[in-house]
Number of protein chains: 2
Amino acid sequence: MASTSEFKISPPAGMEDMDVSSQRAVTLYEAIREDILSGRLAPNERLVVADLAERLGTSTNPIREALQMLRGEGYVMFSPNRGARVRPIDHDFVRNIYEISTLIEPALTRWFVGMATDADIAELERIQRLIEENNFVDAVLHSGLDVQFHTVVYQRHYNRHAAEIWWKHRQVLRAVTQRFPYTLARRSQVIREHRELIEHVKSGEADKAAACIARHVESSGQHILEQMRAFDAARTG
Amino acid sequence: MASTSEFKISPPAGMEDMDVSSQRAVTLYEAIREDILSGRLAPNERLVVADLAERLGTSTNPIREALQMLRGEGYVMFSPNRGARVRPIDHDFVRNIYEISTLIEPALTRWFVGMATDADIAELERIQRLIEENNFVDAVLHSGLDVQFHTVVYQRHYNRHAAEIWWKHRQVLRAVTQRFPYTLARRSQVIREHRELIEHVKSGEADKAAACIARHVESSGQHILEQMRAFDAARTG
DNA sequence: TATCATCAAATCGTGTACAATCCAAGTCAG
DNA sequence: CTGACTTGGATTGTACACGATTTGATGATA
């Protein structure tokens with residue numbers, strides 16, 4: 001494996017086990033989703049099933065099913081008899097997701113504090129060390145490690161539904177954040193907040209950990225939304 | 001229209017306008033979803049595409065697409081080369097949904113308090129009057145009115161994503177609640193909490209309204225989960 | 001005789017090819 | 001320039017072929 005950027009984000013153990021579907025369609029689903037999230041498919045672009053089928057080397061039916069899945073997750077929009085279009089991952093869409101994360105993640109974190117084992121804490125510290133070693137140099141690696149970090153916290157939560165929502169949102173945010181650089185201020189803030197979270201978990205202070213995560217998500221959202229605004233302003237202005 | 005029980009719950013104005021898909025498939029989607037939620041399709045029952053196609057008078061492709069939609073919403077589970085099964089609407093599933101609602105609905109309500117017009121309040125009071133007139137006699141009517149009541153609050157929220165999540169959850173809960181009767185205690189509690197909410201909206205007290213909704217969802221969840229437990233105990237014991 | 005393994009046939013999921021329907025844009029007559 | 005018609009392209013629904021999985025029976029072994 002290459003030393004950097006080959007970090008593969010796998011569905012965190014036991015997370016989307018229900019997502020294992022028709023072997024072909026699930027791959028197509030991921031392929032198209034990545035194309036949407038990465039921006040290779042432009043916002044509002046038409047998704048012509050025949051074209052996609054040819055490009056991805058399959059026939060139309062698997063494509064249709066993949067598009068229906070994507071519709072369920074909110075990545076594509078359908079119009080009757082006019083097919084699918086790429087939903088724009090715009091400012092509002094990202095803001096909506098962040099707002100919901102701000103509500104859900106603290107609740108998940110609170111529960112984790114009561115359940116965390118020594119192994120969990122060791123794992124958090126291990127990942128945090130890797131994050132700090134990388135120090136945002138490799139953006140993709142950082143993104144993957146960051147997902148890993150939070151996955152440790154949410155992975156075993158009894159509310160699978162909530163964990164799934166988090167996971168879906170996270171995948172959108174991962175793709176979006178990779179389009180923009182971290183400011184220096186934001187970098188040190190991320191490090192600080194992660195360290196603070198670990199401390200609260202260690203001392204078993206659920207409320208503080210929850211509040212910490214709330215701030216973490218909130219500030220992360222602010223950071224990205226500002227970048228998106230700036231980018232859009234630069235583009236249009 | 002018949003005087004009772006013919007109450008049709010339509011997707012509250014502008015709510016799932018993105019859901020308008022292939023005219024046929026979306027109907028099939030609703031048909032199958034209702035069969036699952038109402039219990040006509042047993043938990044874990046296999047969903048054989050050919051059977052469904054015949055029963056619903058269509059061919060296999062529309063059924064497949066409908067099943068993929070339902071997969072996205074969490075109503076069916078897929079296994080590779082083994083097809084789809086009905087996800088059991090069990091105690092855990094319902095609890096998960098209630099927990100998430102407890103997080104989201106107060107936030108939506110808080111925003112509504114700052115935005116509510118006189119017309120909104122009048123509408124809330126109108127629906128509340130109908131609820132009290134019906135007084136839980138017609139369960140389906142009550143269920144529909146209850147959805148309407150809360151829809152007034154969430155309908156125009158800027159976070160469409162959150163509103164959609166609420167709406168999807170609500171549809172599950174509507175189907176489940178209709179399977180069980182309201183206890184007398186629960187009836188008066190619902191009336192009281194609705195009235196209290198209206199008062200808080202009128203006086204513009206966002207925090208109190210949010211807290212009120214949090215309690216409302218919480219107690220509603222407790223009520224249903226107890227009924228489900230009792231039912232399961234009676235069945236197995 | 002009971003239990004288990006093996007194998008075969010049926011069943012159903014999955015992908016392909018095709019026909020029908022619908023929409024939109026472009027064209028031509030008035 | 002406007003409105004209806006035509007035509008091309010894409011969605012949507014149907015029929016079918018292939019392959020995997022399940023199931024039931026048959027036979028072997030303890």
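Everything numeric here is computed off the predicted structure, so don't read it as measured data. Within every chain, numbering begins at 1; the chains are lettered A, B, ... in the order of the sequence lines, protein sequences first and strands thereafter.
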>> Among Arg87(B), Lys168(B), Arg33(B), exactly one meets salt bridge (Lys or Arg N to Asp or Glu O under 4.0 Å) together with Glu73(B). Which residue is that?
In response: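 It is Lys168(B); the other options fail the test.
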
Distance-only donor-acceptor pairs under 3.5 Å for side chains of residues 221-236 of chain A, two or more places apart:
| unit_1 | atom_1 | unit_2 | atom_2 | d |
| --- | --- | --- | --- | --- |
| Gln222(A) | NE2 | Glu218(A) | OE2 | 3.1 |
| His223(A) | NE2 | Gln227(A) | NE2 | 3.1 |
| Gln227(A) | NE2 | Pro181(A) | O | 2.8 |
| Arg229(A) | NH1 | His91(A) | NE2 | 2.8 |
| Thr236(A) | OG1 | Asp232(A) | O | 3.1 |

Could you check how far [atom1] of [X] sits from [atom2] of [N], rounded to whole Å?
X: Asn61(B); N: dT21(C); atom1: CG; atom2: C1'; answer: 15 Å
X: Leu67(A); N: dT11(D); atom1: CG; atom2: P; answer: 9 Å
X: Arg85(B); N: dG13(C); atom1: CZ; atom2: C1'; answer: 13 Å
X: Ile63(A); N: dA17(C); atom1: CD1; atom2: C1'; answer: 16 Å
X: Glu65(A); N: dT11(D); atom1: CD; atom2: P; answer: 16 Å
X: Gln68(B); N: dG13(C); atom1: CD; atom2: P; answer: 12 Å
X: Leu52(B); N: dT14(D); atom1: CG; atom2: P; answer: 14 Å

Using nucleotides 6-12 of chain C, report all nitrogen or oxygen pairs with the protein that are shorter than 3.5 Å.
| unit_1 | atom_1 | unit_2 | atom_2 | d |
| --- | --- | --- | --- | --- |
| dC12(C) | O3' | Arg46(B) | NH2 | 3.3 |

> Would Ser143(B) and Asp146(B) count as having a side-chain donor-acceptor pair, cut-off 3.5 Å?
Replying inline: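 The criterion, which ignores hydrogens and geometry beyond distance, is not satisfied for Asp146(B) and Ser143(B).
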
> Among side-chain atoms of Tyr154(A) and Glu105(A), is any donor-acceptor pair under 3.5 angstrom?
Replying inline: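 There is such a pair (donor and acceptor under 3.5 Å, judged by atom type) between the side chains of Tyr154(A) and Glu105(A).
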
> To the nearest 10 degrees, what angle separates the axes at the start and end of the helix from dT1(C)-dA30(D) to dG30(C)-dC1(D), five pairs each?
Replying inline: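 For the helix from dT1(C)-dA30(D) to dG30(C)-dC1(D), the axes at either end differ by 10°.
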
> Are the charged groups of Arg160(B) and Glu99(A) less than 4.0 angstrom apart, N to O?
Replying inline: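 Judged by the 4.0 Å cut-off on N to carboxylate O distance, Arg160(B) and Glu99(A) do not form a salt bridge.
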
>> Would you compute the distance between atom CG of Leu145(A) and atom CD1 of Ile131(A) and round it to the nearest 0.5 angstrom?
In response: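 Spacing of CG (Leu145(A)) from CD1 (Ile131(A)) equals 5.5 Å.
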
> Out of curiosity, Ile63(A) CD1 to Gln68(A) CD, how far, rounded to the nearest 0.5 Å?
Replying inline: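 Between atom CD1 of Ile63(A) and atom CD of Gln68(A) there are 12.5 Å.
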
Any protein N or O atoms within reach of nucleotides 7-9 of chain D? Criterion: under 3.5 Å, listing atom names and distances.
none

> If you look at every heavy atom in Val152(B) and Phe112(B), which pair is closest and at what distance?
Replying inline: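 For Val152(B) and Phe112(B), the tightest heavy-atom pair comes out as O-CE1, 3.6 Å.
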
>> Determine whether a donor-acceptor pair (one donor, one acceptor, N or O, separation below 3.5 Å) exists between the side chain of Arg64(B) and the base of dG15(C).
In response: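 Under the 3.5 Å cut-off, the side chain and the base do form a donor-acceptor pair.
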
>> For a quick check, tell me whether the side chain of Asn81(A) and the base of dT12(D) share a donor-acceptor pair closer than 3.5 Å.
In response: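 Checked by distance alone, the answer is no.
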
>> The criterion is side-chain contact (heavy atoms from CB on, under 4.5 Å); which residues satisfy it with Arg126(B), sequence neighbours excluded?
In response: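 Partners of Arg126(B) under the side-chain contact (heavy atoms from CB on, under 4.5 Å) test: Glu123(B), Arg129(B), Leu130(B).
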
> Considering residues, nucleotides and ligands other than Asn44(A), do more than 12 of their heavy atoms fall under 6.0 Å from its CG?
Replying inline: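 Yes, enclosed.
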
> side chain to side chain donor-acceptor pair (under 3.5 Å) with Ser220(B): which residues, sequence neighbours excluded?
Replying inline: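 For Ser220(B), the residues satisfying side chain to side chain donor-acceptor pair (under 3.5 Å) (neighbours in sequence not counted) are Tyr98(B).
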
>> Taking 4.0 Å as the cut-off, does a side-chain nitrogen or oxygen of Thr60(A) come that near to OP1 or OP2 on dT11(D)?
In response: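 Answer no for this pair, as no side-chain N or O of Thr60(A) is under 4.0 Å from OP1 or OP2.
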
